[in-house]
Structure formats: structure tokens, C-alpha cells
K.L.:
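Take a look at this one; I'll ask things after.
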Amino acid sequence: MKKVIIIGGGVIGLTSAYFLRKAGAEVTVIEKEEFGMACSKGNQGWVCPAIHEPVPTPGLVAESLQMLMKKDSPLYIKPSAMPQLSGWLTQFMKYCNETDFKKGEKALLTTSKHTLSLFDDIQKDGVDFELHKKGMLFVFLYEANLKKKLERLESVSQQYGHQKPEYKSKEEVKALEPALSDNVKGGIFLENQYHIRPESFSKGMVEKLKEMGVKLYSNTEVIDIEKQDNHITSIKTKDETFEANAFLLAAGAWSDDLGKKINYKLPLTAGKGYSITITNPKTELDHPLYLGDLKGGVTPFHHAVRIGGTMELSGKNLRLDKKRVQGIRYAVSQYLEEEIQGDNEEEWGGMRPMTPDGMPAIGGIPHLDNMYICTGHAMVGLAMAPVSGKMISEIILSGKTDFDMEAFSPARFEKS
Ligand SMILES: Cc1cc2nc3c(=O)[nH]c(=O)nc-3n(C[C@H](O)[C@H](O)[C@H](O)COP(=O)(O)OP(=O)(O)OC[C@H]3O[C@@H](n4cnc5c(N)ncnc54)[C@H](O)[C@@H]3O)c2cc1C
């Protein structure tokens with residue numbers, strides 16, 4: 001039986017463990033803190049496969065150069081972090097073109113066609129988590145933004161067979177969500193999309209993995225990786241050495257630090273985002289809301305609502321920038337009749353693992369015969385976790401998969 005060790009117990013590491021174990025591997029997951037408590041914790045919980053696309057979009061940099069330095073803008077680059085980010089940013093800017101975007105969206109939108117059924121299968125298999133099938137409601141303050149998004153979703157539907165978007169007038173969106181403000185000019189509804197409570201997914205996965213016999217180590221940091229020629233022999237924590245046939249690096253925004261130990265230079269940075277979770281909210285909401293003009297979101301869960309968004313490039317840190325958290329509250333206030341109030345509020349920040357082409361790196365690490373990586377899922381890591389776990393488990397256990405992996409190849413940055 002193949003013995004696999006996974007470094008990192010976020011949603012990607014846990015779901016990879018699930019598929020590897022299902023396929024018969026002996027699996028160990030090593031997590032430096034608690035499972036699922038880093039970026040996989042406070043995210044919006046959207047499983048909305050029709051909106052997957054690479055982060056660098058054509059014209060993004062030219063359009064938003066001024067906006068990038070504004071502290072309350074949805075995409076913000078901290079000026080003091082510029083020197084450390086400059087290499088990554090230079091590459092990112094290169095990817096803001098039509099050809100790379102089209103190549104990336106094809107890979108993401110083809111892959112994401114499997115997303116919903118995989119979540120269904122995981123739930124049917126007994127993983128206990130909070131899953132909602134309420135669709136996604138996109139709401140807009142400006143008609144021009146609505147039109148642009150509608151065209152985009154229609155083209156995604158025609159080209160890739162994702163769900164057809166339904167235009168909703170001002171009255172129709174208000175009928176769907178009476179809490180919306182009169183500022184909202186209209187919307188788009190995608191009926192067959194899911195959302196889940198991210199914390200419940202990691203918790204449910206951990207329970208299931210225990211039941212399946214996966215060895216789980218929390219509060220155990222991997223500090224070194226031992227290599228002989230092109231073969232990884234073991235990994236080290238403070239107290240122990242772990243040996244296996246194969247190793248999977250799924251350490252989210254920290255994956256590049258571990259990669260350096262084996263001379264694998266993955267260009268990765270942290271795209272920080274924030275959320276505020278309000279428990280027992282007074283405002284009633286039935287659908288997750290995609291705030292189409294201000295790039296934020298509102299997600300209703302059982303007994304809670306989460307508002308969140310923003311993309312901050314400020315290096316690897318979890319500092320909570322109050323001004324940017326305030327920016328999220330402001331954005332949401334534009335769309336709702338009243339501010340959401342509840343019993344308690346938790347402010348949270350998480351670091352999305354971001355490659356410069358906005359695509360995950362999934363596959364074998366170049367020049368090594370038994371070490372693999374699965375990270376860089378940026379804005380869609382929760383939604384992509386099952387399909388990524390399935391792909392990487394097939395690659396590790398059989399050396400091949402039916403998925404087209406070219407756009408996800410971990411070797412692609414070696415060429416550039
Ligand atoms: C505000 C916000 C909203 C988002 N909304 C959505 C959404 O709606 N839908 C969606 O699909 N995605 C969303 N995302 C993105 C999603 O949260 C991430 O893509 C995903 O959580 C990444 O998962 P991960 O397992 O790669 O990383 P993480 O969850 O960060 O897990 C990596 C783990 O590795 C561990 N680790 C690191 N180094 C070591 C080491 N040396 N030894 C052992 N363990 C180590 C860390 O402690 C961590 O637990 C959002 C993100 C943010 C910030």
C-alpha cells in the first residue's frame with residue numbers, strides 16, 4: 001500500500017487526504033496549527049463553479065493602477081510591500097492578457113463542471129457539513145456592471161455548458177431578497193450553485209478522515225524536508241521524522257517557504273481577504289449575494305451571516321487592517337436597506353495562496369520523483385478542493401489522470 005504524507009491541513013490537504021484514502025493509500029496529514037483554521041476558515045463559502053476564472057484579467061493593471069494603491073479599494077497593494085512583491089507583480093502583470101486568460105479560464109471552467117457533483121458525492125458518503133443549494137444572486141448598483149457580468153456569464157454558459165444566467169429586474173431581485181436597498185438596480189440569478197459553511201466542511205472532513213483511518217497530526221509544524229538525489233526520503237517536525245513513499249505539499253500560502261527547502265521556486269504570494277461573521281443576524285437573507293460593483297459578498301448560513309471580500313497584497317502576514325474591514329462594511333451598506341446587526345461579530349483575515357497566473361499548481365514537483373504539490377487556488381480553493389483532491393490523488397497513485405493538467409502544471413513557471 002502506498003504511504004502518503006500531506007503537509008498542510010487546510011481544505012486542500014484534507015480533501016486530498018480523503019481521495020487518497022478512498023483510493024487505498026495509507027495517509028498522514030500534518031498541520032502546524034488546527035485543521036482548517038487558516039484561509040479555509042472564514043471565507044465566503046461559495047461553491048459557484050460558473051464564476052471560476054484566473055485572477056489576472058486582460059487590462060486589469062492598466063484599468064486599476066490608481067485604484068491599487070487606495071487603501072479602501074477592493075484590490076490593494078501595500079506600497080511598503082512593493083520591494084518584496086515586485087518579482088511576483090511583474091509576472092502577474094504579464095499574465096493580464098487575453099491569451100493567458102482564455103487558456104486559464106478554459107482549464108478552470110472545464111474542471112469546475114465536476115464541482116457540484118463531487119460535493120454531493122462527498123455528502124452522500126457521510127461527510128457531515130452545512131450545504132445550501134440556493135443559487136447565487138448577483139446584485140448591482142450600476143446597470144453597466146450588470147450588463148457586463150450578464151454577457152460574461154452568458155458566454156461562460158454557451159462555451160462551457162455552465163448554467164444559463166437569468167436576468168432579474170429591480171423588482172424581481174427585491175422579491176427574492178426584500179432586505180436589498182433601493183440602490184440596487186437589478187441582478188442576475190444562477191439557480192444551481194451551492195454554498196457551504198467552510199468551518200463545517202473542514203470539521204466534517206476531519207471526522208470522516210479519522211473514521212477512515214487517516215493519521216492526523218495538528219499543532220505539528222513541518223520544519224524540514226530530506227532529499228537524496230531526486231527522491232524525498234522524509235520530512236521533519238520538531239520532535240519526529242516521518243517517512244513515506246510520496247509527499248504532498250498543500251500548505252496554502254506557506255507552500256513556497258517549504259518549496260525552497262527542496263529548491264523548488266514556486267512564485268507564490270498571499271492575497272489577503274477579510275470577513276465579518278455576524279451571529280443570529282436580525283436581517284433575513286435567503287441567498288448568497290455577489291456584490292457586483294464593489295467586489296464583495298454576503299453569505300447567509302444557519303444562524304449567521306458572513307460579509308467579506310477584498311484582495312490585499314501586503315506580503316505574508318495576518319494583520320487585520322481595520323480600514324479595509326470598514327471598507328467591507330461600507331460596500332455591503334450600499335446594497336442593503338439596513339446594516340446587518342446580530343448578537344456577535346467576528347472579524348477575520350485569511351491569506352489566499354496566489355500564483356502570478358492566478359492558477360493552482362497541481363501535480364509532481366519538477367525534478368523530484370515522489371513529491372507533489374496542490375496549492376495556489378486563490379479565490380476558489382474551497383470550491384475547487386474536491387476536484388483538486390481527486391486530480392492529485394490520481395496523479396500520486398497512478399501517475400496519470402483523465403483531467404487536462406497542462407494549465408495546472410507545477411513546472412510551468414520554470415519555463416517563464
Ligand atoms: C475573504 C475570503 C473569501 C473567500 N471566499 C471563497 C469562496 O467563497 N469560495 C472559495 O472556493 N474560496 C474562497 N476563498 C479562497 C479559499 O479560502 C482558499 O483558496 C482556500 O482556503 C485555500 O485552502 P488551502 O488548504 O490551500 O490553504 P489553507 O487553508 O491556508 O491551509 C494551508 C494549511 O497549511 C498549514 N501549514 C503551513 N505551513 C505548514 C507547515 N510547515 N507544516 C504543517 N502545516 C503547515 C497551515 O497552517 C494551513 O492550515 C476565500 C478567501 C478569502 C480570504
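Atoms within each ligand, like the ligands themselves, are counted from 1 in listed order.
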K.L.:
Indicate yes or no: does Asp121 engage Lys22 in a salt bridge with an N to O separation below 4.0 Å.
P.N.:
no

K.L.:
Under 3.5 Å between some N or O of ligand 1 and some N or O of Leu382?
P.N.:
yes

K.L.:
Indicate yes or no for a side-chain donor-acceptor contact from Asp100 to the backbone of Tyr95 under 3.5 Å, with no hydrogens or angles considered.
P.N.:
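Not a single qualifying donor-acceptor pair exists.
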
K.L.:
Could you check atom 22 (C) of ligand 1 against the protein and tell me its nearest heavy-atom contact, residue, atom and distance included?
P.N.:
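The closest heavy atom on the protein side is Pro353 CD, 4.0 Å.
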
K.L.:
Do me a favour and list the nearest non-hydrogen protein atom to atom 19 (O) of ligand 1 with residue, atom name and distance?
P.N.:
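Scanning the protein heavy atoms, the shortest distance from atom 19 (O) of ligand 1 goes to Ala378 O, 2.8 Å.
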
K.L.:
Among all the protein's non-hydrogen atoms, which is closest to atom 27 (O) of ligand 1, and how far away is it?
P.N.:
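Looking only at protein heavy atoms, the one closest to atom 27 (O) of ligand 1 is Gly252 CA, 3.6 Å.
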
K.L.:
Just let me know how Trp254 lines up against ligand 1, side chain, backbone, both or neither, with a heavy-atom cut-off below 4.0 Å.
P.N.:
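For Trp254, only side-chain atoms sit under 4.0 Å from ligand 1.
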
K.L.:
Distance to 0.1 Å, residue and atom name: give those for the protein heavy atom nearest to atom 4 (C) of ligand 1.
P.N.:
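Checking every protein heavy atom, the shortest distance to atom 4 (C) of ligand 1 gives Asn43 CB, 3.1 Å.
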
K.L.:
Can you tell me which portion of Arg352 lies within the under-4.0 Å heavy-atom range of ligand 1? Options are side chain, backbone, both, or neither.
P.N.:
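Only the side chain of Arg352 comes within reach of ligand 1.
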
K.L.:
Provide, to 0.1 Å, the distance between atom 24 (P) of ligand 1 and the closest protein heavy atom, together with that atom's residue and name.
P.N.:
Ile12 CG1, 3.7 Å

K.L.:
Between the side chains of Lys316 and Asp257, is the shortest nitrogen-to-carboxylate-oxygen separation below 4.0 Å, so that they form an ion pair?
P.N.:
yes

K.L.:
Where the side chain of Tyr274 meets the backbone of Asp321, is there a donor-acceptor pair that is under 3.5 Å apart?
P.N.:
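Pair found, side chain donor or acceptor close to backbone of Asp321.
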
K.L.:
Within the structure, is a non-hydrogen atom of Gly308 found at a distance of less than 4.0 Å from ligand 1?
P.N.:
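No heavy atom of Gly308 comes that close to ligand 1.
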
K.L.:
Among protein heavy atoms, which lies nearest atom 41 (N) of ligand 1, and at what distance?
P.N.:
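Protein heavy atom at minimum distance: Val222 O, 3.0 Å.
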
K.L.:
If you count the atoms of ligand 1 from 1 in the order shown, which ones are under 4.0 Å from a heavy atom of Gly10?
P.N.:
25 (O), 29 (O), 31 (O), 33 (C)

K.L.:
Suppose I only count heavy atoms of Tyr274 and a 4.0 Å limit; which atoms of ligand 1 are within that range?
P.N.:
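Numbered from 1, ligand 1 contributes 1 (C).
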
K.L.:
Where does Ile223 meet ligand 1, judged by heavy-atom distances below 4.0 Å: at the side chain, the backbone, both, or neither?
P.N.:
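Within the 4.0 Å criterion, Ile223 makes no contact with ligand 1.
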
K.L.:
Going by the order shown, which atoms of ligand 1 are within less than 4.0 Å of some heavy atom of Gly273?
P.N.:
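Numbered from 1, ligand 1 contributes 1 (C), 53 (C).
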
K.L.:
Does a side-chain N-to-carboxylate-O contact under 4.0 Å join Lys322 and Glu347?
P.N.:
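Result for this pair is yes, salt bridge flagged.
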
K.L.:
Check Cys39 against ligand 1 and report side chain, backbone, both or neither, counting heavy atoms closer than 4.0 Å.
P.N.:
both

K.L.:
Answer yes or no: is there an ion pair linking Glu199 with Lys203, defined by an N-O contact shorter than 4.0 Å?
P.N.:
no

K.L.:
Using a 4.0 Å heavy-atom threshold (strictly under), name the region of Val47 that reaches ligand 1: side chain, backbone, both or neither.
P.N.:
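Neither part.
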
K.L.:
Can you tell which part of Met379 has a heavy atom less than 4.0 Å from ligand 1: side chain, backbone, both or neither?
P.N.:
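Backbone only; the side chain of Met379 stays clear of ligand 1.
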
K.L.:
Quick one: nearest non-hydrogen protein atom to atom 43 (C) of ligand 1, plus distance?
P.N.:
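Looking only at protein heavy atoms, the one closest to atom 43 (C) of ligand 1 is Lys32 N, 3.2 Å.
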
K.L.:
Would you call the rings of Phe301 and His195 parallel, tilted or perpendicular, where under 30° means parallel and over 60° means perpendicular?
P.N.:
tilted

K.L.:
Any N or O on Ala38 sitting closer than 3.5 Å to an N or O of ligand 1?
P.N.:
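Not met; the criterion fails.
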
K.L.:
Within the 4.0 Å heavy-atom shell around Ile30, which atoms of ligand 1 are there?
P.N.:
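This gives 43 (C), 44 (N) as the contact atoms.
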
K.L.:
Indicate yes or no for a side-chain donor-acceptor contact from Ser200 to the backbone of Arg197 under 3.5 Å, with no hydrogens or angles considered.
P.N.:
yes

K.L.:
Assess whether a salt bridge exists between Glu207 and Lys210, defined as any Lys/Arg side-chain N lying under 4.0 Å from an Asp/Glu carboxylate O.
P.N.:
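Lys210 and Glu207: salt-bridged.
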
K.L.:
List every atom of ligand 1 that sits less than 4.0 Å from any heavy atom of Gly350, numbering the atoms from 1 in the order shown and giving each element.
P.N.:
53 (C)

K.L.:
Are any of the side-chain nitrogens in Arg152 or Glu53 under 4.0 Å away from the carboxylate oxygens of its partner?
P.N.:
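Salt bridge flag = yes for Glu53 with Arg152.
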
K.L.:
Gly45 near ligand 1, heavy-atom distance under 4.0 Å?
P.N.:
yes

K.L.:
Check this for me, if you would: do Lys236 and Glu221 make a salt bridge, where the nitrogen-to-carboxylate-oxygen distance has to be below 4.0 angstrom?
P.N.:
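Salt bridge absent between Lys236 and Glu221.
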
K.L.:
If we only consider heavy atoms of Thr220, is any one of them less than 4.0 Å away from an atom in ligand 1?
P.N.:
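Judged by the 4.0 Å heavy-atom criterion, Thr220 does count as contacting ligand 1.
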
K.L.:
Is the closest basic N to carboxylate O distance between Glu312 and Arg324 below 4.0 Å?
P.N.:
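Yes, Glu312 and Arg324 are salt-bridged.
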
K.L.:
Quick one: sort the Phe138 and Tyr290 rings into parallel, tilted or perpendicular, breaks at 30° and 60°.
P.N.:
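Tilted: the ring planes of Phe138 and Tyr290 meet at 30° to 60°.
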
K.L.:
Nearest protein heavy atom to atom 9 (N) of ligand 1, by residue and atom, and its distance?
P.N.:
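Closest protein heavy atom to atom 9 (N) of ligand 1: Trp46 O, 3.0 Å.
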
K.L.:
Before signing off on this row, confirm whether Val11 and ligand 1 have an N or O atom pair separated by under 3.5 Å.
P.N.:
yes

K.L.:
Counting N and O atoms only, with roles assigned by atom type, does the side chain of Thr237 sit under 3.5 Å from a partner on the main chain of Glu240, one being a donor and the other an acceptor?
P.N.:
yes

K.L.:
Polar-atom distance check: Thr375 versus ligand 1, any N or O pair below 3.5 Å?
P.N.:
no

K.L.:
Is Lys134 salt-bridged to Glu191, cutoff N-O under 4.0 Å?
P.N.:
no

K.L.:
Examine the proximity of ligand 1 to Phe35 and report which part, side chain or backbone, both or neither, has a heavy atom under 4.0 Å away.
P.N.:
neither

K.L.:
May I ask you to identify, for Cys48, whether its side chain, its backbone, both or neither come under 4.0 Å of ligand 1 on a heavy-atom basis?
P.N.:
neither

K.L.:
In terms of atom number and element, which parts of ligand 1 are under 4.0 angstrom from non-hydrogen atoms of Val380?
P.N.:
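Here the atoms of ligand 1 in question are 10 (C), 11 (O), 12 (N).
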
K.L.:
Is there any N or O on Leu258 that sits under 3.5 Å from an N or O of ligand 1?
P.N.:
no

K.L.:
Look only at interatomic distance and state if Ala383 has a nitrogen or oxygen under 3.5 Å from any nitrogen or oxygen of ligand 1.
P.N.:
yes

K.L.:
Any Lys/Arg nitrogen of Asp357 or Lys94 sitting under 4.0 Å from an Asp/Glu carboxylate oxygen of the other?
P.N.:
no

K.L.:
Would you please indicate yes or no on a ring centroid separation below 6.0 angstrom for Phe403 and Phe408?
P.N.:
no

K.L.:
Between Gln44, Glu31, Glu33, which one has a non-hydrogen atom sitting closest to atom 47 (O) of ligand 1?
P.N.:
Glu31

K.L.:
So that I can tick it off, tell me whether Glu166 and Lys168 are bridged by a salt bridge, with the cut-off set at under 4.0 angstrom between side-chain N and carboxylate O.
P.N.:
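Looking at Glu166 together with Lys168, the answer is yes, because their closest N to O distance falls below 4.0 Å.
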
